[in-house]
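These notes are about the structure you will find just below.
All heavy atoms count here, side chains included; hydrogens, waters and symmetry mates do not. First listed ligand is number 1; within each ligand, the first listed atom is number 1.
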Amino acid sequence: VTGTSSAETTPVALSGDALPCADCGQAVALPDPTMAVTVKRVRNGRVTPVPMTKCEACVERDRTAVDLAKRHLRLGVVVNGYQYAGTDATHLLIEARAALDAGGIEPWPVETTASPAAVLTAEIAHLSGATERLRWRDRLNPAPSVVAEPIRLVEPGTANPSRWAHLDEEDRAGWRDGAVRVLAERVALLTPPVALSPPAIQEVGSDHEGVAAAGCLYCGVGSITITALTVARIGDVDAAARSVWAPRQVTPAAIGARRGGIARLRGWLCPACERAAATVGSASSATALESALSTFLGVSGCTLAGDDLWVTGLQGWGALVAEALRRGRPEPSPNETPWSHLAPAELRELARDWRRGGL
Ligand SMILES: [Zn+2]
Ligand SMILES: [Zn+2]
């Protein structure tokens, strides 16, 4: 609602022992002395202490935030790539909960969710920013910066006619947007992980070129599973698949196909195999293929002298596709687990040989 009438937002004069709540600004008729808050008012270089208190609702909200942080954020929290220690995490959650309160939004249940730490992290990520002028006590002095937005200041001896009445609709709209994003993350957290198949590839209908669209050109894995939360942050399933799978084209012979078929195979590499190809500098490379497999097997693919090992007859899954295309046979199915087109005995033997020759 915009254009709230001034009667609903005009501060009221205090009488008797009443003090304003330093957070929400409402009048507290009989302040609890243990909750005393003194805020300094500065005018023309003169500092006057202004007594305030904390209302029961605000005390309870902060207590809940501290309690939740103590139980679920002891290890701190990572927001936008920054790690905040336990005490800083507590402070951020207090801010997030104050923003929710000011926005008139009931906090959602936390303890009943599968991952309380994750939902609290979402609250901190989307709500703890922009709270520096949130509270009644933050409005006693003008903003120190001349470029800051002008705000309506509050006067000593006054209180809000109702909780948070010093905030305008624009302030609240920002926190409501944050709350919508928190809610989207909560929904994503409850959604099972998503298996992302490689995106479709347009066939060109050339005799020289083939397409291997169902799995990773090297390890053959047919899907990469990521959390629904990651999909929500990226946008949608298609965009998520494109961010996970790397488009690559290879010479089939370079990944173990017999010569004589198509000259080029277009397809995708999974993140692990793409790392190997990127390190070598080419996907069309037996070295990259071997490196991807040896990394998967947890062994080094290099000898002590640093020479690459050459595994005779090693085939990437894409090689099987190239051979199927050459013979006019149906494309092989992708693998459920990486490299499962190779026999377990073969993988064991390779791991042993690499260990012997490797580091
Ligand atoms: Zn209050
Ligand atoms: Zn792969």
query = Heavy-atom distance under 4.5 Å between the side chains of Thr225 and Val194, does that happen here?
reply = no

query = Looking just at side-chain N and O atoms, do Asp32 and Thr34 make a donor-acceptor pair shorter than 3.5 Å?
reply = yes

ask   = Looking from the Zn ion (ligand 1), what is the angle between SG on Cys55 and SG on Cys58, to the nearest 10°?
value = 110°

task = Taking the side chain as every heavy atom from C-beta outward, state whether Leu120 and Leu68 have any atom pair closer than 4.5 Å.
result = yes

ask   = About how large, to 10 degrees, is the angle SG of Cys270, then the Zn ion (ligand 2), then SG of Cys219?
value = 110°

ask   = Vertex the Zn ion (ligand 2): angle to SG of Cys216 and SG of Cys273, to 10°?
value = 100°

ask   = So Phe296 and Trp339, would you call those rings parallel, tilted or perpendicular, with 30° and 60° as cut-offs?
value = tilted

